Every structure is written in structure tokens, then in C-alpha cells.
Amino acid sequence: MIRFSRNPIRPFLYLIGIASGILFGMEPFEFFPAGGLSALCAYILFLELREWKLKSAIFWLLGLSQVINLIVFFWIPSSISAISGAGAGISWILFLVYGIFSHFKLIIFYLGWNFSLLLYNKYINSPERFTIFGWLIFPIWGVLSDLIMPQLFPWYWGNLAEGNLSFSQIASWTGIFGVGFFLLLGSSSLVLIRNPSLKRYGIAGILIFGIVWTLGSFRLYSAPDYTVPNSTPAIEDGILKLSGVLIQPNTSPGKRELAENPEFVGQTISTSLELGLRSSLETSPPPDLLFLPESAIPFHGTIPNENPGQGVYSSTFHGALMYLTYKSGADILYNELNRFPEGLKNQVTLLSSSNGEVERYDKRRLLAFGEYIPFESTFPFLRKLFKETSFYITGGDPKPLIGNRSLRRERIPSLPTEEETPLIQNPDHFRPILTSSGKEENVSYQILPLICYEAMFSYLVRDSVKFASKNTYTFFVNPTNDSWFSSDIEAWQHAGAVRFRAIEFGLTLVRPAVTGISLAVDPYGRNLNHPTRYGEKDTRSFLLPATKLKEGGNTFYSEWGNLPFYLYTILVFTLFFLVGKKAFFKTKG
């Protein structure tokens with residue numbers, strides 16, 4: 001094995017290797033070998049830290065958390081200031097605290113791995129078995145630390161495989177955590193090859209890595225090609241095909257000072273309306289669905305309040321949406337803010353073009369210091385430090401949004417007429433026109449909404465799938481507002497992470513973002529359109545394949561979750577400790 005000395009240069013280089021590998025392994029760089037290098041450096045670092053005292057090892061891992069912060073998540077301090085209104089000093093303090101809290105999983109990773117080795121060493125004194133055991137439990141503790149420790153902007157070891165779509169297909173069986181497991185296993189196997197007596201185990205680990213890659217490649221190779229029908233909606237080969245349009249208005253962040261600025265609000269409404277109408281004229285087949293991002297029109301909602309002076313209702317916003325669905329013939333998914341007796345809710349709404357009715361979903365996981373202030377009830381003075389932070393409340397259970405599209409509907413998009421323009425501010429004017437449509441043969445579809453970074457968490461997505469109706473054409477929508485972060489790196493990191501949800505659950509995912517990155521991916525994570533550029537004002541049309549949601553889900557992971565990983569963990573620990581215990585008593589005897 002490798003010989004170590006307590007030279008600080010070595011662990012420092014490993015720290016840089018881990019952090020740099022994380023940065024370049026994820027989008028937008030997507031350099032798959034960088035992800036493997038990061039996992040390899042982590043294993044060698046852990047072997048090195050076993051030669052140091054425990055306090056020194058923790059010191060190095062705390063340093064690693066900040067190195068990752070500065071190299072990978074350098075955009076966070078300015079984002080905290082923009083989204084919460086905090087000063088630069090407060091933002092940097094939170095940034096450093098965030099690094100310790102969110103990357104504490106690295107300490108759990110090392111301590112769990114090291115403690116397991118110390119415990120195992122009590123039973124058996126074989127250096128070879130000891131090394132093999134440490135190698136096998138290295139990916140286990142890597143995944144367990146991902147699962148155990150909460151993160152605000154989560155990254156998992158599996159995210160480092162974003163650069164290889166074939167290898168990422170294993171997520172359909174094991175989830176993002178299983179992808180990380182095999183990446184850690186395969187990378188650490190390279191260390192064993194250097195030892196002649198352990199070389200065969202290293203080769204076995206690399207073979208397992210290769211088999212997983214091959215299985216993923218086969219899944220991707222056998223994936224269907226989605227042909228565009230002459231008209232939509234269309235059902236072909238058991239797949240509902242819809243015509244979709246992503247709208248990226250590229251409006252500036254809705255800071256509190258702009259809430260009462262009619263020019264800003266009017267501009268956001270007119271921009272989205274213009275893009276929606278233009279895309280309806282240019283898209284062929286005409287769109288079945290228009291997707292607006294989170295905060296495309298900030299501050300406002302479409303539910304009239306009993307007390308207008310305290311509400312956030314906007315008749316102009318409401319009327320523009322009703323007019324857009326009337327002119328385009330498309331259902332519209334949009335984000336809104338509405339006030340209820342219990343508080344403000346961040347909602348996603350589906351507006352039907354056939355009858356003007358709506359269905360709403362409430363955001364379940366809020367962004368700390370952006371949508372609420374942690375511990376504000378205990379420390380009310382925090383509101384003075386974070387003046388831009390909103391007062392949102394969380395929603396309840398996940399709720400699918402059900403829509404219907406006529407299979408024989410004729411749509412003739414047209415430009416606004418002079419007579420129609422003044423009527424846009426009156427939403428009730430277009431409602432009778434929509435509800436007057438005759439009953440025709442139609443098909444139902446189901447949207448599972450995930451607002452902004454809700455899609456970063458597999459367990460939230462799995463809950464949405466559990467609450468959804470089975471045997472219904474289903475897809476995900478992830479309306480997002482990354483404009484606060486002012487970083488294309490952040491936008492790509494966010495988009496790359498949510499791509500895994502499509503692979504994990506075997507469902508198409510549509511991601512409209514205010515400033516980018518807006519994209520749509522099929523159940524295999526393949527792009528259905530060319531992603532928008534960050535800071536671009538434009539639309540993207542695409543074919544949207546919606547597959548029926550099966551009982552238990554559309555993938556092995558959707559049905560069983562992380563159960564196979566837990567069974568493997570129990571099996572490895574049980575077998576090695578039984579072997580170790582047998583050898584221990586044999587020696588005593």
C-alpha cells in the first residue's frame with residue numbers, strides 16, 4: 001500500500017483535488033474523469049488521515065469544507081446578499097457556517113469509516129482483510145453520509161457522474177446515491193491495484209464499475225426515439241406526445257423595492273405575454289402547454305382577496321394569463337404568490353385553456369433566508385439583518401396537477417387585435433369564451449410540480465410520485481428562479497442536479513427558469529431541446545413525451561428506493577464481522 005508521512009503538503013493537495021474534481025465533474029464542465037479523480041483523492045486522503053491524530057484529521061476535513069465552498073460554491077456570498085438583503089460581512093459569515101454545516105457529511109464520512117476499521121481491527125489482525133474491509137466500506141460510508149446529513153444546496157457523490165449519461169443511467173435502479181456508490185468503489189479500486197496481493201480485488205472493483213457502465217449504456221442504447229407527430233396531442237406506442245414551450249423572460253430579481261413599481265410589474269407581464277404569443281405563432285405543432293418559470297411575474301397572484309388592501313391579487317396578471325390561453329389554445333403552467341389567512345404561499349398553477357379552471361400546488365420546502373428566516377420567532381431581530389427575506393409558509397402534502405387536452409381541438413393562434421388589448425386587464429371577459437368550447441374526445445395528463453430546489457431532493461420527488469394517480473400520463477415540471485444567484489455556474493449546477501430526477505423516476509422533466517438554464521429532458525436524461533443560455537430572453541419549443549405512471553413507479557428505484565443499498569450494507573458488515581469473529585475465537589482457542 002501507499003506509505004504516508006505527516007507532511008501537510010500531501011493532504012492539502014488531496015483537498016484541492018477533491019474540490020476541483022467536484023467543480024469540474026458537475027455541469028457545466030461535465031468532465032467525468034474529474035469526478036473519478038475527486039473520489040480517488042478522497043480515498044487516499046482518508047488513508048493519509050489515519051496516520052494523523054483524530055483532532056488533526058477533523059481539522060483537515062473542516063478545511064476541506066471551506067475549500068469546497070471557495071472553489072465550487074463561490075457564488076453563495078453574493079447570492080445571500082441579493083436574496084436576503086444582508087450585508088457582505090453577514091453573508092460571508094453565513095457562507096463559512098454553511099460550509100461547515102452542509103459539508104459536515106465529510107466528517108461523518110471519515111469518522112464512520114475510521115471507526116468501523118478500528119472496531120473491525122479488534123476482531124482480526126490480518127492486514128489484507130483489514131484493507132479489503134476498509135475498501136468495501138468506503139463507498140458505504142460515502143453514501144450514508146449523503147443520506148444522513150441535511151444540506152441546503154445539496155451535492156452528492158453521484159452528481160460527479162453528470163458528465164457521463166450512460167453511467168448515470170444506473171440511477172434508474174439505485175438513485176443518485178447508488179451512482180455515487182459505484183463511482184467511489186471504482187475510483188478507490190485503483191489504489192488496490194498498486195499492491196500485488198490486493199490487485200485482484202482492485203481489478204474486481206473496476207470490473208464492477210465497468211459492468212455498471214455497460215448496463216447503463218445498454219439502457220440508454222435501447223431508449224426509444226421520440227418522433228414528432230404532425231399534430232398534438234397524440235398517443236403513439238403508449239406515450240402521450242404534447243407540444244411544449246419553455247418561456248425564459250430574463251427579468252431581474254424581484255426585490256422588495258420593486259413590489260410597488262408599476263413599470264417593473266407591467267414590464268414583467270408584457271414580456272411573458274409577448275414571448276408566449278410569439279412562441280404560439282412560431283411553434284409547430286402549436287403548443288399544448290406553455291411553461292412560465294418561478295417569479296416570472298413576482299409579488300402577484302390570481303386569487304382575489306376579500307380585503308384588496310392586503311392582497312397580492314393582480315387583475316392585469318390574471319387577465320394576461322386568461323388572454324394568453326385564449327389566444328394560444330395552450331394550457332399554461334405558471335408561478336404565483338397568494339395570501340391566505342395562515343400566510344403567503346409560493347404556488348404553481350395549471351390554467352386550462354378549455355374551461356379557464358385552475359389547479360394549484362403549494363411549495364413544500366422553502367429556501368432558508370430567501371423565503372423564510374430560520375429561528376425568527378426566537379430571534380426576531382434577525383428580520384433587521386435580512387430585510388429582503390420573504391414570509392412564506394410551507395404547503396402540505398404533494399398534489400399532482402391534472403390537465404386535459406382535446407384530441408381534435410383546432411387552434412389558430414393570432415396576434416392581439418386593437419379591440420382585445422384594452423380587455424386584457426379584465427380576466428372575466430375571456431372566461432365565457434373559454435367555457436363555451438364544446439365537449440370533445442380528450443386525454444388527461446398529470447403534472448408533478450417541484451418548485452425551484454425542491455427537485456434537488458429525491459425523497460421529496462418520491463413523495464410526489466406516491467401521491468400521484470397511477471395509470472395516468474405523467475411528467476415533472478420544475479419552475480425555477482435562479483436570477484438571485486447571478487451565476488451561470490450555479491444555474492448549471494442546479495440544472496444538472498435535477499436532471500437525475502428524470503432518470504431516477506423514469507419521467508420527463510421540464511425546467512423553465514427566469515434567467516436560465518431552461519431545459520427539458522426525457523426519462524433517460526436526454527435533452528428534448530437545446531438548453532437556453534444564462535441571461536437569454538427567449539423561448540424553447542420541444543416535444544414532450546409523457547408516460548403512464550405504473551403502480552410502484554416507472555423504475556426500480558422509484559419502487560424500492562435505497563433498500564438495496566441498505567441490504568448490501570448489512571450484508572458486508574455482517575459477513576466481515578462474522579469472519580473476523582470466527583478468526584478471533586480460533587486464535588484464542
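Since this is a predicted model, take the numbers as computed values, not measurements.
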Working for side-chain hydrogen bond (donor to acceptor under 3.5 Å, both in side chains), residues S406 and N442: CA-CA 4 Å; S406 172; N442 59 55; over 6 Å; no
Polar side-chain atom of T316 near backbone of S314 as donor-acceptor pair, under 3.5 Å: no
Beyond-backbone contact of T474 with K548, side-chain heavy atoms, under 4.5 angstrom: no
Pair F565 + F177: ring centers closer than 6.0 Å: no
Contact summary for G142 and W157, nearest pair of heavy atoms: O-CD1, 3.7 Å
Any side-chain heavy-atom pair of P28 and D488 under 4.5 Å: no
side-chain contact (heavy atoms from CB on, under 4.5 Å) partners for S102, two or more places apart: Y98, Q151
Salt bridge (charged side-chain N to carboxylate O under 4.0 Å, His left out) against E342, all qualifying residues, sequence neighbours excluded: K345
Within 6.0 angstrom of R278 CZ, more than 12 heavy atoms from elsewhere: yes
Sub-6.0 Å ring centroid separation between H494 and Y453: no
Ring-ring centroid check F369 F386, cutoff 6.0 Å: yes
side-chain hydrogen bond (donor to acceptor under 3.5 Å, both in side chains) assessment of E294 paired with T480: CA-CA 5 Å; E294 183 187 24; T480 301; 5.7 Å; no
Side-chain donor or acceptor of E336 paired with backbone N/O of T302 under 3.5 Å: yes
E30 atom CD, neighbour heavy-atom count above 12 within 6.0 Å: yes
Donor-acceptor contact below 3.5 Å, side chain S328 vs main chain A330: yes
E376: partners by side-chain contact (heavy atoms from CB on, under 4.5 Å), with sequence neighbours left out: I373, R383, F391
Verdict with reasoning, L289 to F475, per side chain to side chain contact (heavy atoms under 4.5 Å, CB included): CA-CA 12 Å; L289 279 154; F475 57 95; 3.8 Å; yes
Whether over 12 other heavy atoms sit under 6.0 Å from K470 NZ: yes
Under the side-chain contact (heavy atoms from CB on, under 4.5 Å) test, residues paired with S65 that sit two or more places apart: I100, H103
Qualifying side chain to side chain donor-acceptor pair (under 3.5 Å) pairs with a residue from residues 393-404, counting only residues at least two apart or across chains: N404-S444
From CG (L246) to OG (S279), nearest 0.5 Å: 10.0 Å
Audit row: R364, D362, salt bridge (charged side-chain N to carboxylate O under 4.0 Å, His left out) steps and yes/no: CA-CA 6 Å; R364 291 175 287 153; D362 303 334; over 6 Å; no
Ring-face cation contact, F457 with R365, 6.0 Å cut, 45° max: yes
Residues that K387 engages under side-chain contact (heavy atoms from CB on, under 4.5 Å), provided they are two or more places apart: none
Side chain to side chain contact (heavy atoms under 4.5 Å, CB included) evaluation trace for F153 with Q493: CA-CA 10 Å; F153 188 89; Q493 288 175 351; 4.2 Å; yes
